[in-house]
There are 2 protein chains.
Amino acid sequence: MTAPLPNLTKNQSLVFETLAEAGAPLSAYTILDQLREHGFRAPLQVYRALDKLLERGLIHRLESLNAFVACQHKHSHGHQGATVFVICGTCGDVNELHDQVINDQIMRRAVEQKFQVESAMVELRGRCSGCAD
Amino acid sequence: MTAPLPNLTKNQSLVFETLAEAGAPLSAYTILDQLREHGFRAPLQVYRALDKLLERGLIHRLESLNAFVACQHKHSHGHQGATVFVICGTCGDVNELHDQVINDQIMRRAVEQKFQVESAMVELRGRCSGCAD
DNA sequence: GTCGATATGTTATGACATTACATCATATTT
DNA sequence: AAATATGATGTAATGTCATAACATATCGAC
């Protein structure tokens, strides 16, 4: 069942490594700037790699930040359902969690409406414990 | 035209009416185009009005669409917590709902992490019953 | 009327993302 | 081997979303 996924291409690897090493959300243009020394010249080189990485679940897009992060859960490709992102607006730290209660309730409400969920996003903005007043 | 709400300025009323009549998400620039005949000339006129309307809870921002919708719940200004948006990618229809279970669970998880939630977004993308295969 | 706060008008710029087209690499078919 | 198909890449141009900076106007409190 677990057929090994094909290797990442050079550009995909570069983009993924950049995100993984940052350990924080980066915009596509920030990634571009960091990869200029590796020959990147245009936004599309980044966006194309990001698209493939998103497809494979290796990274996530933070809609409220227009930014991308490496997935924190190494073996979560099988994970179905919503990912909850907890985003500190002060230090920029992002935590990713998967919550079964939220997930189940989302699906319950969707079924009520006969709505077929293709993707679900939950993003919390606020202050982490380290940045509290 | 429905009657403008009290305490809204002229620009705020125009923007709100545009959204309310559309009954669907509009981008700031779409609103701008629709209000050119009323004297709007620049994006900032729209964004400033949108900011005030967001503050008052009369409209919502859909992060995954970079668009705005009038709040569907006329008397929900006191409503605390997450709003769930159910967005059909085919017909563009958007439904807004408030779910106490999701809300409570979000707050429970936030408290666990000592995270102070300032805002929460939940957006479901998929297909509505009318657009199902 | 003066002052302070808020709203508005305008230009320019910054930030995020895609279209369109050309080229290159690799694998499969004939 | 040549032809073909597919996917990745390179590049320029453009499209879309949002804010900075500065000037002017409106309105209420005093």
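Each chain gets a letter, A, B and so on, in the order the sequences are listed, and its residues count up from 1.
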Roughly, in whole Å, what's the span from [atom1] in [X] to [atom2] in [N]?
X	N	atom1	atom2	value
B:L8	D:dT26	CG	P	19 Å
A:Q12	D:dT9	CD	C1'	11 Å
A:F40	D:dT11	CZ	P	11 Å
A:L32	D:dG10	CG	C1'	13 Å

Between atom [atom1] of [X] and atom [atom2] of [Y], what is the distance when rounded to the nearest 0.5 Å?
X	Y	atom1	atom2	answer
B:I31	B:E17	CD1	CD	12.0 Å
A:N11	A:R48	CG	CZ	8.5 Å
A:T18	A:L26	OG1	CG	7.5 Å
A:L32	A:R36	CG	CZ	4.0 Å
A:H98	A:Q100	NE2	CD	11.0 Å

*asked:* Need two values: the first and the last nucleotide of DNA chain C, 5' to 3', having an atom under 4.0 Å from any heavy-atom of chain B.
replied: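 Contacts span C:dA7 to C:dT11, reading 5' to 3'.
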_Shortest non-hydrogen contact between B:H38 and B:L14, atoms and distance_ =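 Of all heavy-atom pairs spanning B:H38 and B:L14, the closest is ND1-CD2, 3.9 Å.
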*B:Q116 and A:A132: which non-hydrogen atoms are nearest, and at how many Å?*
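Shortest heavy-atom separation between B:Q116 and A:A132 comes out as NE2-CB, 3.7 Å.
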*Within the structure, does a side-chain N or O atom of A:Q45 lie under 4.0 Å from either OP1 or OP2 of D:dT9?*
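Answer is no, no contact under 4.0 Å.
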*Any side-chain N or O of A:T9 under 4.0 Å from OP1/OP2 of D:dT9?*
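It does, given that an N or O in the side chain of A:T9 lies less than 4.0 Å from OP1 or OP2 of D:dT9.
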What nitrogen or oxygen pairs link the protein and nucleotides 16-19 of chain D at under 3.5 Å?
| from | atom 1 | to | atom 2 | distance (Å) |
| --- | --- | --- | --- | --- |
| D:dA18 | OP1 | B:R61 | NH1 | 3.1 |
| D:dA18 | OP1 | B:R61 | NH2 | 2.1 |
| D:dA18 | OP2 | B:Y47 | OH | 3.0 |
| D:dA18 | O5' | B:Y47 | OH | 3.3 |
| D:dA18 | N7 | B:Y29 | OH | 2.7 |
| D:dA18 | N6 | B:Y29 | OH | 3.1 |

*Between the side chains of B:D99 and A:Q105, is a donor N or O closer than 3.5 angstrom to an acceptor N or O?*
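The answer is yes; a qualifying pair exists.
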*asked:* Categorize A:R48 for me: base, sugar-phosphate, or nothing, with a 4.0 angstrom heavy-atom threshold over every strand shown.
replied: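 The answer is base, as A:R48 lies within the cut-off (heavy atoms under 4.0 Å) of a base atom.
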Show every donor-acceptor pair shorter than 3.5 Å between a side-chain atom in residues 118-128 of chain B and any protein atom, with sequence neighbours excluded, or say none if there are none.
| from | atom 1 | to | atom 2 | distance (Å) |
| --- | --- | --- | --- | --- |
| B:E123 | OE1 | B:S64 | N | 3.0 |
| B:E123 | OE1 | B:S64 | OG | 2.5 |
| B:E123 | OE2 | B:E63 | N | 2.8 |
| B:R125 | NH1 | B:S64 | OG | 3.3 |
| B:R127 | NH1 | B:C131 | O | 3.2 |
| B:R127 | NH1 | B:D133 | OD1 | 2.8 |

*Nearest-nucleotide 5' precedence on DNA chain C, B:K10 against B:A42*: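 The answer here is B:K10.
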